[in-house]
Amino acid sequence: MDPTLILVLTTLIKIVTFTFMLTLPMVAYSVYAERRVSAIIQDRVGPNRTGIPLTLFGFKKDLHFAGLLQPLADGLKFFLKEEHTPSHVRKFFFWIAPVLTIVPALLTLCVIPFGSSITVFGEQIKLVIADIDAGPLFIFAIASLSVYGITFAGWSSNNKYSFFGGVRSCAQMISYEIALGLSIIPVLMVFGQLNLSDIVQYQADHGWLLLPFWGEGLSAERMLLLIPLFISFIIFTISIFAETNRMPFDLPECETELVGGYHTEYSAMKFALFFMGEYAAMIVGSALIVTLFFGGWSIGFGADAYVSDWAFGGLVHLGAFLAKVIAFIIFFIWVRWTLPRFRYDQLMKLGWVVFFELALVNIFLTAGIMMLVK
């Protein structure tokens, strides 16, 4: 078969599979997981009954499936709800804002490697949509566009509460994007490259960045570098919480002060798109943390070399990657229902006074360790 045709077909298959068959269902079931985990934390039951209503067809008992069909019911509800656009809003920006929130989150998925390679018609196919040499920079550049959706939503609503939520979000994302970008510099200094596929392959061969317990990861240099890399991990992870407007950093939609924040005037599917964007951004953030710090699709401990020899070993690596991402999604949910919301001045102080300076010092610390050891 023509290699160009194979490239086009496999790219289309990867786009459909990774975006519509993996990420969007993960978005839906992240909402389900949020509701079930929060119910466990608060000693409640949570959604556990929505299933197949067999009693409507004359059977004696419904199939509940532990409420696993609840996301389908929620999606159907949003599709069927009446769509209402208030007369006082700026309609074009009001309509485009939800799209600008979810589309950047989905676009960033194209550079994240979901697994290693698989063999199709004698060709090695990487399980990444776009294997570019500037992966983290592409993610930061595209993800930063989502703030326009939130800002447009607040401004176009012609509602002071919505406007305050949009302004808050803009200030918050600018503040934490600086810390986010600075925190990743020590990581890139260690790897010496920006290709995410090569970064994951390096961790598979030499040990995960924060768990370098095989290959050349046990060297003195890597052990010393664990200190600045762990600091980078802490700053990066907390900044992801702020970037995705998750508790304790959900000030743009703070219901105690702003009713609902930037999405106060939205309903039906427009309202749903904002939350899909939030959960998609959480999934992308989790995937990026896993890719940079915990080996991405790597199983670890030297097992990847054996699995890669299999024709479809990449699918095993895909399972490992999804397991890690799901673990971090549960962590995001657990933090949301454990910690109280910050005050806005505390949010700004943490971003500008603590993380900004700490990330700068961490860059010099990493450079000093690399210079002394070499």
Side-chain angles (χ1 to χ4, degrees), residues 23-50 64-75 77-78 101-102 105 146 150 165 168-169 172-173 176 180 233-264 266 271-290 293-294 322-348 350-351 354-355:
T23 304
L24 291 182
M26 284 182 70
V27 168
Y29 279 93
S30 292
V31 180
Y32 172 82
E34 179 104 57
R35 297 169 71 178
R36 289 306 296 265
V37 171
S38 65
I40 293 170
I41 292 174
Q42 297 176 342
D43 196 21
R44 297 184 288 106
V45 177
N48 70 332
R49 300 189 64 82
T50 305
H64 297 304
F65 296 118
L68 286 173
L69 297 185
Q70 184 68 48
L72 299 179
D74 291 339
K77 177 191 71 174
F78 279 117
T101 302
I102 189 171
S146 63
I150 295 175
R168 276 187 174 187
S169 179
Q172 174 177 320
M173 295 185 78
Y176 281 86
L180 195 70
F233 167 70
I234 295 297
I235 298 174
F236 190 85
T237 302
I238 296 176
S239 297
I240 288 291
F241 274 92
E243 281 285 291
T244 55
N245 295 323
R246 297 282 299 179
M247 279 281 268
F249 302 109
D250 65 337
L251 274 300
E253 56 186 78
C254 180
E255 69 277 357
T256 55
E257 303 167 21
L258 304 178
V259 185
Y262 58 89
H263 55 65
T264 301
Y266 284 87
F271 178 80
L273 285 176
F274 281 114
F275 280 89
M276 289 175 65
E278 176 185 323
Y279 282 93
M282 181 179 70
I283 292 170
V284 172
S286 300
L288 194 55
I289 293 171
V290 167
F293 296 98
F294 294 99
L322 292 178
K324 295 177 188 179
V325 171
I326 291 170
F328 265 95
I329 290 172
I330 299 298
F331 171 70
F332 270 74
I333 295 170
W334 172 67
V335 170
R336 174 180 179 177
W337 294 95
T338 304
L339 299 180
R341 181 183 291 119
F342 282 23
R343 292 197 319 266
Y344 197 72
D345 62 307
Q346 293 173 329
L347 177 83
M348 289 289 105
L350 181 65
V354 179
F355 282 174

Smallest heavy-atom separation, Glu34 atom then Arg336 atom, equals OE2-CD, 3.1 Å
Calculate, to the nearest 0.5 Å, the distance between atoms CG and CD1 belonging to Leu180 and Ile238 respectively.
-> 11.5 Å
Check: Ser30 and Ile333 side chains under 4.5 Å, non-hydrogen atoms = no
Closest approach of Val325 to Ala287 (non-hydrogen atoms, all atoms of both residues) | CG2-CA, 3.9 Å
Mind checking the CD1-CG spacing from Ile283 to Leu288? Nearest 0.5 Å is all I need.
-> 13.5 Å
Sub-3.5 Å donor-acceptor pair from the side chain of Tyr176 to the main-chain atoms of Phe355, do we have one?
-> no
Ser146 and Met173: CA distance, side-chain angles, deciding distance, side chain to side chain contact (heavy atoms under 4.5 Å, CB included) verdict | CA-CA 10 Å; Ser146 63; Met173 295 185 78; 3.5 Å; yes
Do you know which two heavy atoms are closest between Gly285 and Ile240, and how far apart they sit?
-> CA-CG2, 4.0 Å
Would you please name every residue forming a salt bridge (Lys or Arg N to Asp or Glu O under 4.0 Å) with Arg36, sequence neighbours left out?
-> none
Determine whether Phe241 and Val335 make a side-chain contact, defined as any pair of heavy atoms from C-beta on separated by less than 4.5 Å.
-> yes
How about Gln172 and Ile150: do any of their side-chain heavy atoms sit closer than 4.5 Å?
-> no
Does the side chain of Leu273 reach to within under 4.5 Å of the side chain of Thr101, using non-hydrogen atoms?
-> no
If you take all heavy atoms of Ala105 and Ala281, which pair is closest and at what distance?
-> CB-N, 3.9 Å
Near-ring test Phe275/Tyr266, centroid separation under 6.0 angstrom | no
Separation between CD (Gln346) and CZ (Arg341), nearest 0.5 Å, reads 12.0 Å
Please examine the side chains of Val31 and Gln70, heavy atoms only from C-beta on, and report whether any two atoms are closer than 4.5 Å.
-> no
Grab the two heavy atoms, one from Pro71 and one from Tyr29, that are nearest each other, plus how far apart they are.
-> CG-CE2, 3.7 Å
Phe331 vs Trp334 aromatic rings, parallel, tilted or perpendicular, using cut-offs 30° and 60°?
-> tilted
Could you check if a side-chain atom of Ile329 sits within less than 4.5 angstrom of a side-chain atom of Tyr279, using non-hydrogen atoms only?
-> no
Could you pull out the closest heavy-atom pair between Met276 and Leu24, with the gap in Å?
-> CE-CD2, 4.2 Å
Could you give the distance from CG (Leu72) to OG1 (Thr50), rounded to the nearest 0.5 Å?
-> 9.5 Å
From Leu350 atom CG to Arg343 atom CZ, the distance as rounded to the nearest 0.5 Å | 12.5 Å
Would the Phe332 and Phe328 ring centres measure less than 6.0 Å apart?
-> no
